[in-house]
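Here the structure is a predicted model, which means the values were calculated and not measured. Any value given below was found using the heavy atoms of this structure, including those in side chains, with hydrogens, waters and symmetry copies removed.
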Amino acid sequence: MGTKIRNLRKRNRLTMEDLSSRCIKIDPECAPSVSYLSMIERGKRIPSEDVLEVIASVFQKNVDWFLDDIPEEDAITPSKGSGGGINGMPLEPNFLFSKDILQIAIPEMLSQTGTSGRQFAHLLIRAHQEHHQNHFPDLERAAEEIGKKRLPLSLDDLVDITKQMGLQIKWFRKTPASVLQEIGSNGNNLVTSFFDPPNTVYINQIMKTQPHRLKYNLAVHIGHTVLHDKDGLKNILVTGRNEISPLQARQAAGPSSGMDAQDILYAWRDFECSFFAGALLCPKVPFRQMLDRNGYEINTAQLAGVSESVAMRRMTAASPYPHWHYFDAYAPGKLKAVYRGNGIPLPWGNMSLVEDPCHHWAVFRKINEQSSGSSAQISILNVADEPRIYACESIKVEDLAGNSHVICSGIDLNPAIAAQGKDAISIANDLKQACVTGGGSSHIPRGIKKDLMSVAKILNINWVERGIESDARLICSRGAVCPRSPSCYQECGHK
C-alpha cells in the first residue's frame with residue numbers, strides 16, 4: 001500500500017507537503033500529516049479507513065485499489081529520466097555547428113533576414129526557459145533570501161527592501177527626452193520606471209494608482225541590484241503594445257537587424273530581473289500552497305497582491321505539474337510573451353504575423369470578445385501527427401498605455417491522462433473525431449468527460465473542470481493545416 005501511494009504521488013509530481021495539503025483541503029479532520037504520510041509510504045504505519053479514503057479521493061481511486069494484492073501496475077510507476085522540457089533535434093554534420101562557425105554565421109543570418117539581435121536573444125532565452133521548464137533554482141534562492149519567502153509582500157515591504165538595497169526612489173510626471181530617445185517610443189507604450197546610476201530609481205507618478213504594478217517595478221529594480229550590482233545600465237521598464245525589454249532599451253536605437261556583441265547579455269539580464277521579480281513577489285513554496293488552496297484560480301493574484309500576469313506566469317514555475325504554456329497576445333495576433341514548457345506549437349510567431357492564423361485558439365478568440373472575466377477552453381491540436389488535449393484559461397486585461405490584451409495560461413492534459421494509466425492518444429483521437437463530426441466543436445462525450453474530470457481533480461485546477469463542461473474545440477497551428485471540414489482557411493476566402 002505504501003509503495004502504491006508513493007508511486008502515485010511521485011507520478012503526479014507531488015511532494016509529501018503537497019499531498020498533505022490536498023488531503024487537508026478535502027477533509028481537515030482525517031488528513032494525514034507529512035510525517036505520518038512518510039511512515040505510511042515506508043510501511044511503518046497502516047492508515048485508518050478514513051485517512052485512506054481521503055488519499056484515495058486525491059488520486060481519484062477506489063479504496064479497494066490500495067487494499068488488493070495485485071502487484072504494482074506499470075502505469076503508476078514513476079517515470080525515470082531528467083524530466084526536462086522541450087528537446088531539440090540532432091544536427092548533422094555536427095562540425096558545422098561548432099562555436100566558431102556559428103559565431104560567423106548567426107550575425108550574417110540575422111542581417112539577411114532582418115531579425116534584430118534583441119529578437120534573436122529572446123528566442124534563445126525562451127528556448128532555454130522551455131528546455132528547463134522554468135526551473136531556475138539560483139534565481140529562486142536569490143529572491144527568497146531577499147524576501148524571506150513572505151507572501152504577500154506589501155508595497156511598504158517592497159519600498160523598505162528597495163531602501164535596504166541602497167536605492168533612492170524619485171517620481172516623475174513627464175518622461176525625460178533622453179529616456180524616450182533610448183527606447184524609441186512610438187506612442188503605444190509608456191515608461192513606468194527607470195534606474196539611473198548609481199542608485200536612483202525614477203518611477204512614473206501614474207504608478208501610484210497601480211500598487212500591484214508598482215510592486216513589480218520595484219521588484220525588477222531590486223533584482224537588478226541583487227543580480228547585477230547596479231552595473232550602470234539604465235534599466236528602463238516600459239509597458240504597452242510594443243514593449244521594449246528593460247535591459248535592452250539601447251538596442252531600439254540601433255540598427256534594425258544584425259547583432260550587437262552585448263545583445264544577448266542584455267536580454268539575459270532582462271529575463272533574470274523579470275524572473276527574480278516574480279519569485280520575490282510569489283515565492284515558490286508559499287505560492288504553490290496558495291494556488292493549491294484556491295484551485296489555481298486567476299483571482300489568486302489578488303490574494304498574492306500581484307497582477308494577473310505575474311500570477312499566471314508564476315503558475316508555470318510553481319506548479320508541480322510541468323506541462324504548461326503561457327501567452328500574452330495583442331490584437332490582431334501579436335504574441336508579446338510566450339512560454340511553451342509543454343511544447344505546444346505556436347499559432348504564429350512572436351516576432352511576426354502569418355497570413356493564415358487559426359482564430360479558434362482561446363487566446364485569440366478572447367481578443368475579439370466583448371465579455372469581461374475569464375473563460376476556460378478545452379482544445380484538441382495535432383502535434384507531430386498525434387492529437388493532444390489542452391486546457392487553458394484566458395482573461396482580457398488592459399495595460400497602462402490603454403491597450404487591451406489577453407493573457408492565457410494552459411496545460412497539456414495528455415501526460416496527466418497517461419499518468420493515470422489511460423491511453424491518452426486514443427482518448428484524444430476520440431475527442432478529435434467528435435469535434436470533426438460536429439463541424440469543429442463538440443460536447444465532450446460522457447466517457448471522455450469522466451476521464452478528464454478525474455484528471456482535473458487530481459491536478460486540482462478548477463478551470464480545467466469548467467472547460468470540460470463547455471464544448472471542446474479543434475485548433476491548428478496554421479490555417480493551411482486546418483482539420484475542420486470545410487476548412488476555416490477556405491471559408492475565410494484564402495487560397
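Judged purely by distance below 3.5 Å, without hydrogens or angles, the side chains of S374 and E393 pair a donor atom with an acceptor atom. With no hydrogens or angles considered, a side-chain donor-acceptor pair links D18 and T15 at under 3.5 Å. A donor-acceptor pair shorter than 3.5 Å can be found between the side chains of D328 and H405. For the residue pair S309 / Y216, no side-chain donor-acceptor distance below 3.5 Å is found, with atom types taken as modelled.
With contacts defined as side-chain heavy-atom distances shorter than 4.5 Å, the pair I378/Y390 does not qualify. Looking at heavy atoms from C-beta onward, S319 lies in side-chain contact with W324 at the 4.5 angstrom threshold. A heavy-atom distance below 4.5 Å is not found between the side chains of D412 and I389. Side-chain atoms of Y326 and M315, non-hydrogen and from C-beta on, never get closer than 4.5 Å to each other. A 4.5 Å side-chain heavy-atom check between Q210 and I206 finds every atom pair outside the cut-off. In this structure, S193 and H221 have side chains that are in contact, with non-hydrogen atoms separated by less than 4.5 Å. Inter-residue side-chain proximity for I411 and I461 is flagged as met; some heavy-atom pair is nearer than 4.5 Å. L96 places a side-chain heavy atom less than 4.5 Å from the side chain of P93.
Checked against the 6.0 Å centroid criterion, the rings of F120 and H122 do not qualify as a close aromatic pair.
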Exercise for the section: Could you walk me through whether F194 and L237 pass the side chain to side chain contact (heavy atoms under 4.5 Å, CB included) test, one step at a time? Expected result: CA-CA 6 Å; F194 62 92; L237 296 189; over 6 Å; no
Practice task
Show the numbers, then the answer: is there a side chain to side chain contact (heavy atoms under 4.5 Å, CB included) between D270 and Y266?
Solution key: CA-CA 6 Å; D270 173 9; Y266 290 167; over 6 Å; no
Problem - side chain to side chain contact (heavy atoms under 4.5 Å, CB included) between V383 and I344, worked out - result: CA-CA 8 Å; V383 180; I344 185 172; 5.8 Å; no
Practice task
Could you walk me through whether C23 and I55 pass the side chain to side chain contact (heavy atoms under 4.5 Å, CB included) test, one step at a time?
Solution key: CA-CA 6 Å; C23 291; I55 295 174; 4.1 Å; yes
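The backbone N or O of G402 sits less than 3.5 Å from a side-chain atom of D399, completing a donor-acceptor pair. Judged purely by atom type and a 3.5 angstrom limit, R340 has no side-chain atom pairing as donor or acceptor with the backbone of R126. Checking side-chain atoms of T300 against main-chain N and O of Y296 turns up no donor-acceptor pair under 3.5 Å. No donor-acceptor pair under 3.5 Å is formed between the side chain of D471 and the backbone N or O of S441. Side chain of N217 to backbone of R213: a donor-acceptor contact under 3.5 angstrom is found. Formation of a donor-acceptor pair under 3.5 Å by the K215 side chain with backbone atoms of G305 is found in this model. A distance-only check finds a donor-acceptor pair linking the side chain of K4 to the backbone of W65 [under 3.5 Å]. The closest donor-acceptor contact from the side chain of N294 to the backbone of E297 lies at 3.5 Å or more, if one exists at all.
With values rounded to the nearest 0.5 angstrom, I427 atom CD1 is found 7.0 Å from L452 atom CG. The CD atom of Q103 sits 15.0 Å away from the CD atom of E108 when rounded to the nearest 0.5 Å. Distance check: L139 CG to L227 CG gives 6.0 Å after rounding to the nearest 0.5 Å. The distance from the OG atom of S307 to the CD1 atom of I298 is 11.5 Å, given to the nearest 0.5 Å. I125 CD1 to E272 CD: the interatomic distance, rounded to the nearest 0.5 Å, is 9.0 Å. Rounded to the nearest 0.5 Å, atoms CD1 (I5) and NZ (K10) are 13.5 Å apart.
Residues meeting the side-chain hydrogen bond (donor to acceptor under 3.5 Å, both in side chains) test with Y339, sequence neighbours left out: none.
E369 and K396 are not joined by a salt bridge, as no carboxylate oxygen comes within less than 4.0 angstrom of a charged side-chain nitrogen. Looking at K25 and D292, no side-chain N of the basic residue comes within less than 4.0 Å of a carboxylate O on the acidic one, giving no salt bridge. K449 and E469 are joined by a salt bridge, as a carboxylate oxygen and a charged side-chain nitrogen come within less than 4.0 angstrom of each other. Electrostatic pairing of E308 and R313 does not count as a salt bridge here, judged by no charged N lying under 4.0 Å from a carboxylate O. Between E17 and R288 there is no salt bridge, since none of the side-chain N atoms of the basic residue sits less than 4.0 Å from a carboxylate O of the acidic one.
Counting heavy-atom neighbours within 6.0 Å of Q60 CD, excluding the residue itself, gives a total above 12.
The minimum heavy-atom distance between I475 and S379, with the atom names listed, is CD1-CB, 3.7 Å. The minimum heavy-atom distance between Q420 and F59, with the atom names listed, is OE1-O, 4.4 Å. Minimum heavy-atom separation, W463 to C392: CZ3-CA, 3.5 Å. Residues P387 and K432 share a closest heavy-atom pair of CB-CD, 4.3 Å. Here the shortest heavy-atom pairing between C282 and R314 reads O-NH2, 3.0 Å. Residues V310 and G278 come closest through the heavy atom pair CG1-CA, 4.4 Å.
Using cut-offs of 30° and 60° on the angle between ring planes, the pair F136 and H128 is tilted. Aromatic ring orientation, Y321 versus H323: perpendicular (interplanar angle above 60°, classes split at 30° and 60°).
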